[in-house]
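Every value quoted in this text rests on a predicted model; they were computed, and no experiment measured them.
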Amino acid sequence: LKLDVKAAEPQGGLITKMLGLPGKPDFRATIAGEGPLDRWQAQGDASADDRPILQLTASSTGAATDRKIAFDVTLPNLPMLPETIGPLVQGGITASGTVHLAGAGGPIHIDTLKAETAAGIVSASGDVDPTGLLNLRVQAQLADAAAFRTLLPPELGWRSLDADLQIGGTIGTPRLTVDATVGDLA
């Protein structure tokens, strides 16, 4: 598989309008990947007015019956988001993950999926079997309520919020268990 995408447009172009970037920045993006799927590697980046808005690496390794997909993505600058969401991602978003696919229709094993913003960290691991069984763990650690001010009633707040979610059962009948600790809930 070979992937080679390049985009460059002057200020106020179609892509920046579609992305909702404020002002009329120039835009540049590249995504390039090459190799057979059992050892494929890719990298990409995008910028507006020479300020990075995306950095990406991805890979696919292993046979089709045990394919490992891995990625790292950074979105350091998200000027297109509305003011109500902006504080949640101030300073950007980082995400990474590694997933094993056991062929067509086989189970999916999530080694790790993790996303981090100014608002907190969410991570997941476990198994999803398309034939029905679920065994997932999701952990969330949220910063104090300040990042959420534009979305919450003014009287609601907390100092910290830690949650551990276990999702079991089947895809048709999932079972959720939540263990959460909220510090200084107001």
Check: Same cluster or not: are Val178 and Val138 linked, directly or through other Ile, Leu, Val, Met, Phe, Trp or Tyr residues, by side-chain heavy atoms under 4.5 angstrom apart?
Finding: yes
Note to self: When you group the ILVMFWY residues by side-chain heavy-atom contacts below 4.5 Å and let the links chain together, are Val99 and Leu133 in the same group?
What the structure shows: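 As far as the 4.5 Å side-chain criterion goes, Val99 and Leu133 are not connected within one cluster.
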Checklist line | Those residues that, when tested against Arg39, pass side-chain hydrogen bond (donor to acceptor under 3.5 Å, both in side chains) (two or more places apart) | finding: none
Notebook entry, point to check: Looking at residues at least two apart in the chain, or sitting in another chain, which of them share a side-chain hydrogen bond (donor to acceptor under 3.5 Å, both in side chains) with Thr65?
Noted result: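 Counting only residues at least two positions away or on another chain, Thr65 forms no side-chain hydrogen bond (donor to acceptor under 3.5 Å, both in side chains).
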Next item on the list: Linking directly or through intermediates, with side-chain heavy atoms under 4.5 Å: list the remaining ILVMFWY members grouped with Ile121, chain and number order.
Entry: none
Item checked: Whichever hydrophobic residues join Met18 through chains of side-chain contacts under 4.5 Å ->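 Via sub-4.5 Å side-chain contacts, Met18 links to Leu14.
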Checklist line | All pairs passing salt bridge (charged side-chain N to carboxylate O under 4.0 Å, His left out) where residues 137-148 contributes a residue, at least two apart | finding: Arg137-Asp164
Notebook entry, point to check: With respect to Ser60, which candidate in Leu101, Ile69, Leu1 satisfies the side chain to side chain contact (heavy atoms under 4.5 Å, CB included) definition?
Noted result: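 Of Leu101, Ile69, Leu1, side chain to side chain contact (heavy atoms under 4.5 Å, CB included) with Ser60 is met by Ile69 alone.
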What pairs of donor and acceptor atoms, side-chain ones from residues 24-38 against any protein atom, are under 3.5 angstrom apart with sequence neighbours left out?
residue, atom, partner, partner atom, Å
Asp26, OD1, Asp49, N, 2.8
Thr30, OG1, Asp45, OD2, 3.4

Pairs touching [range] that satisfy side chain to side chain donor-acceptor pair (under 3.5 Å), sequence neighbours left out:
| range | result |
| --- | --- |
| residues 176-186 | Arg159-Asp184 |
| residues 105-116 | His100-Asp111, His109-Asp111, His109-Asp127 |
| residues 6-19 | none |

Could you pull out every donor-acceptor pair under 3.5 Å between side chains of residues 71-96 and any protein atom, sequence neighbours left out?
none

Notebook entry, point to check: Among pairs that include at least one residue of residues 142-186, which meet ring-ring contact (aromatic ring centres under 6.0 Å, His included), considering only residues two or more places apart or in two chains?
Noted result: Phe148-Trp158
Margin query: Just to verify, what does Leu136 make a side chain to side chain contact (heavy atoms under 4.5 Å, CB included) with, not counting sequence neighbours?
Written below: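 If we apply the side chain to side chain contact (heavy atoms under 4.5 Å, CB included) test to Leu136, skipping adjacent residues, the hits are Ile110, Val128, Ile167.
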